[in-house]
> 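What follows is a single structure, and I will ask about it in a moment.
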Amino acid sequence: MANTIALAGNPNSGKTTLFNALTGARQHVGNYPGVTVEKKTGQYKIDGHTFQLVDLPGTYSMTAYSMEEIIARDFIATEKPAVVVDIVDAANLERNLYLTLQIIEMGVPVCIALNMMDVAKSRGMHIDSARLSEFLGVPIVPTVARSGRGKKEVMAAAADIAGAGPSKTTLNISYGEDIDNALTEMVPLISGSGLLTDYYPARWVALKYLEADEQIVSAGEAANPDLSRELKKIADRVTRHLSATLDTYPEAMIADQRFGFIKSIIRQGVIQMDTDEQRLYLSDRIDKVLINRLAGPLIMAGVLLLLYHFTFVYSQVPVAWLENMFGALRGLADAHMAEGLLKSLVISGIIDGVGGVLGFVPIIMFMFFGITILEDSGYLVRVAFMLDRVFRMFGLHGSSVMAFIISGGIAGGCAVPGVMATRTLKSPKERLATLLTVPFMNCGAKLPVFALLIGAFFAYNKAWMMFLITLISWGGALLIAKLLRMTVIRGEATPFIMELPPYRLPTVRGVLIHTWERTWQYIRKAGTIILAISILLWTMMSFPQLPAETAKNYEAVRQQALAEYPAPVRNELRKQGGDDSLSPAARELEDRLSGISAEKSQAALKYSVAGRIGTSLESVSHLAGFDWRTNIALVGGFAAKEVIVSTLGTAYSMGAVEAEQSEGLSRQLANSPLWRPLTAFSLIIFVMFYSPCFVAVVCIAREAGSWKWGAFSMGFNTVLAFILAVSVYQIGTVLGF
Amino acid sequence: MKRINLRQMEENQSGKIVAVNAAGELGRRIRDMGLVPGTEFRIKGRAPLKDPVALRMMGFTLSLRNSEADHIEVEVKG
């Protein structure tokens, strides 16, 4: 497209910093269709002409090896941007130029932003960019993206190229006699029949056949099977020859020659070094402490604790504001709407639903703020480096730790930001296994359930029980991750070949933009679905309503209770209900009335769809020790785990039970003949492992890129939790607990 | 000069890559990061559990697992 400029470059080359500097907050973040790779676009105006800027995913190469590479490559080939601006880290020239060569070979107009000139200079490197430009045949503009230096010049150079109309850069690197001969043979065949040449230069297609690039070979096969076969024959011949004579294969040979080419041009006066190359840079000195074998893990534990604290403690202030706001709204609706269904829908369905969605926003914001700082500073990769050995045993990745901790690895987190935190993982299989297992952690909403049950049955050993629960959830999550990686997400561990970038001070703009983007994505993408589901669940727990007959009976009982007390008592209660200063008689009446309404709520709940599901499941759930009341509460828990305690309260005719004040319910459970410590433990296990709440399921589906995985986590987790709970209950029963 | 496996190298030891014996995705990934024959580097350190290992090379730091280092042959002094 004539007015599109694509930014390409290595990760950590300052590509996104330059993009932010160019577009400011005027950028749009979405996903590439069907995948979870972020697509960032923005606008840049120069001389009255508006360019569409696309920030391609950072890659080290242009092979079709990772999602990021395929996307970057396809974008350049099929969207045909007017210019590709390749951001090259000047302090890291050799490796960065490897990608540059591959972009130039694709035959698109290229302009290089030689970035981080300040860092290179501070390392004593002098780069002759004019000379480099001559060697590569493309314009080069020195930049410092952090301060914005050179950004105008780069765009001016890019606009010049774009204005000059379609031009092709060619750079024919020699790949050694064998490959060069094969290229000479293949190129005329390809250009003669125009195989894929709408998108790629013939020489590039030939190279990909030699490299046995699956994407290009299969595209070629589809376009022209005969020619494709012939090209493959030539490639096979070269492969056999290289294997016999040099013990190598074309792909390796091509890569070696590319690096050889880079080394040779750099040696011809492109870089001059002031100082000894082996001296320790500041980053290396910091690493001496931060990834030290003893101090490293201790500091890491501190940093992770701090991130956790920051995410969940500091966010409480805005969370409280939101809660107050929604509390006020609820009060307003309560005061001004007539009793009935509509009121219930507005309060329990809509206000609570929207409140539920927005209640996560401050937590997500704080988390991404913290994680972005850790990520941009370069520390996050070090955490992965230190923990990789442990997590790899379970088929995960060192980077998984962050998601686990946020989700409640330190009890009290939340799986919603936890699932979103898996975005820092670049390995697709490990990422999927992580986001499917983080919901097993003990999030803040499960804690009231545990507190209720521990208070009722294990009060003598609270601290130990909590510790045991934390251990079980970690152990369970890791083992299930291993199980998933051996079955549904089978596959080799993704290579851990990662750059440990130099420590850098994050830019304020970068952190704010990043935090805001991700939070906004949550609100926009997840919010609407969650609201819809919240209303659906409200419907399930409210319909069908009690038959008029039954409702009338409760009203009659109520009237009868009222009639038993003299008028002054009734008036007193009407005037100051719920007050401690009530007379004994009035209080007695109040208790009776709330008892009746609690019974009515219980009957209504049992009569609803959710209640019927819970009741009909009793025949199965008794294997785990759960009766219909528990079942209904667990059905409610699909919406949000907080609902479990309050629904249990309703099911036990306790009226509305606040999650934080469940002593009454706790006593009732402790005294109930249906409950014993084993039942409570079985329920704890079930709650720990069963389906994530809907908000988390929606996030899982979004992050995994498919509803299939959202459904999987609901189904698989629930079945698994049930098997575990039944085992606990049955084995415990046999052992006499 | 002697040829050893990258896994066997000590902290702070320097070496030069002589061969990368990995094909497919792993081989590609190793080469894309500049680990090709002729590249010189130094072992910067190892993670607390001795795996992965961090290398200093060509102006940047790279980490890889021991199981990946197994595919890389190096030439060291001594």
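Per chain, numbering begins at 1; letters A, B, ... match sequence-line order.
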> Given the options B:L35, B:D32, B:L64, which has more heavy-atom pairs under 4.5 Å with chain A than any of the others?
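Looking at each of B:L35, B:D32, B:L64 in turn, B:D32 comes out on top.
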> Verify, without hydrogens or angle tests, whether B:E68 (side chain) and A:F496 (backbone) share a donor-acceptor contact under 3.5 angstrom.
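Checking the backbone N and O of A:F496 against the side chain of B:E68, a donor-acceptor pair under 3.5 Å is found.
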> Is the shortest side-chain N to carboxylate O distance from B:R28 to A:E69 below 4.0 Å?
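No.
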> Do you know the tightest heavy-atom contact between A:A493 and B:R65?
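Heavy atoms only, the tightest pair is CB-NH1, 3.6 Å.
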> Please flag which part of A:Y60 lies under 4.5 Å from any non-hydrogen atom of chain B: side chain, backbone, both or neither.
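It is both, since atoms from each part get that close.
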> State plainly whether the residues B:R31 and A:E251 are in salt-bridge range, i.e. N to O under 4.0 Å.
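Judged by the 4.0 Å cut-off on N to carboxylate O distance, B:R31 and A:E251 do form a salt bridge.
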> Has the side chain of B:R29 got a donor or acceptor atom that lies under 3.5 Å from a matching backbone atom of A:I497?
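Indeed, once roles are kept as given, a pair shorter than 3.5 Å links the two residues.
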> Can you find a pair of side-chain heavy atoms, one from A:L500 and one from B:L62, that are under 4.5 Å apart?
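Result no, sub-4.5 Å side-chain heavy-atom pair not found.
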> Tell me, side chain or backbone of A:P495 under 4.5 Å from chain B's heavy atoms, or both, or neither?
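Its backbone and side chain both get close to chain B.
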> Answer with side chain, backbone, both or neither: which region of B:A69 has an atom nearer than 4.5 Å to a non-hydrogen atom of chain A?
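Answer is neither: B:A69 stays 4.5 Å or more from chain A.
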> Heavy atoms only, distances under 4.5 angstrom: which of B:G38, B:G34, B:P52 has the most pairs with chain A? Name it, please.
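Most heavy-atom pairs under 4.5 Å with chain A: B:P52.
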> Please determine whether the number of non-hydrogen atoms from other residues, nucleotides or ligands lying under 6.0 Å from atom NZ of A:K263 exceeds 12.
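Yes, the 6.0 Å shell around NZ holds more than 12 heavy atoms from other groups.
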> For A:A252, which atoms come within 4.5 Å of any heavy atom of chain B: side chain, backbone, both, or neither?
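It is both, since atoms from each part get that close.
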> Does any backbone or side-chain atom of A:D247 lie under 4.5 Å from a heavy atom of chain B? Answer side chain, backbone, both or neither.
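Neither part.
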> Which atoms of B:E11 are under 4.5 Å from chain A, going by heavy atoms: the side chain, the backbone, both sets, or neither?
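Side chain only.
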> Heavy-atom distance under 4.5 Å to chain A: side chain of B:V53, backbone, both or neither?
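It is the backbone, since no side chain atom gets that close.
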> Which atoms of B:A19 are under 4.5 Å from chain A, going by heavy atoms: the side chain, the backbone, both sets, or neither?
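Contact with chain A is absent: no heavy atom of B:A19 under 4.5 Å.
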> Count the heavy atoms of every other residue, nucleotide or ligand shown that sit under 6.0 Å from CD of B:Q8, and state whether that count exceeds 12.
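Counting other residues, nucleotides and ligands, CD of B:Q8 exceeds 12 neighbours.
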> Please look at B:S67 and chain A and tell me whether the side chain, the backbone, both or neither of the residue comes under 4.5 angstrom of a heavy atom of that chain.
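Only the side chain of B:S67 comes within 4.5 Å of chain A.
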> List the steps, then state whether side chain to side chain contact (heavy atoms under 4.5 Å, CB included) holds for A:R392 with B:D51.
CA-CA 11 Å; A:R392 193 201 332 163; B:D51 186 17; 2.5 Å; yes
> If we only count heavy atoms from C-beta on, is the A:S283 to B:T61 side-chain gap below 4.5 Å?
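A side-chain contact under 4.5 Å is absent here.
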> Of the backbone (N, CA, C, O) and the side chain (C-beta and beyond), which part of B:L55 lies under 4.5 Å from a heavy atom of chain A, both, or neither?
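Interface part for B:L55: neither.
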> What is the distance from atom CG of A:N10 to atom CZ of B:F60, rounded to the nearest 0.5 Å?
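A:N10 atom CG to B:F60 atom CZ measures 8.5 Å (nearest 0.5 Å).
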> Give the member of A:R258, A:R389, A:R95 that has the highest number of heavy-atom pairs under 4.5 Å with chain B.
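Counting heavy-atom pairs under 4.5 Å, the top option is A:R95.
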> Are the side chains of A:D284 and B:R56 in contact, using a 4.5 Å heavy-atom criterion?
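The answer is yes, as the side chains (C-beta and beyond) meet within the 4.5 Å cut-off.
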> Does some side-chain heavy atom of A:Q257 sit less than 4.5 Å from a side-chain heavy atom of B:V36?
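In short, these two side chains do not touch, never coming nearer than 4.5 Å.
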> Could you walk me through whether A:E492 and B:E25 pass side chain to side chain contact (heavy atoms under 4.5 Å, CB included), step by step?
CA-CA 11 Å; A:E492 284 284 298; B:E25 188 177 313; over 6 Å; no
> In terms of heavy-atom pairs under 4.5 Å, which option from B:S63, B:G45, B:P37, B:A47 contacts chain A the most?
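Among B:S63, B:G45, B:P37, B:A47, the one with the most close pairs to chain A is B:S63.
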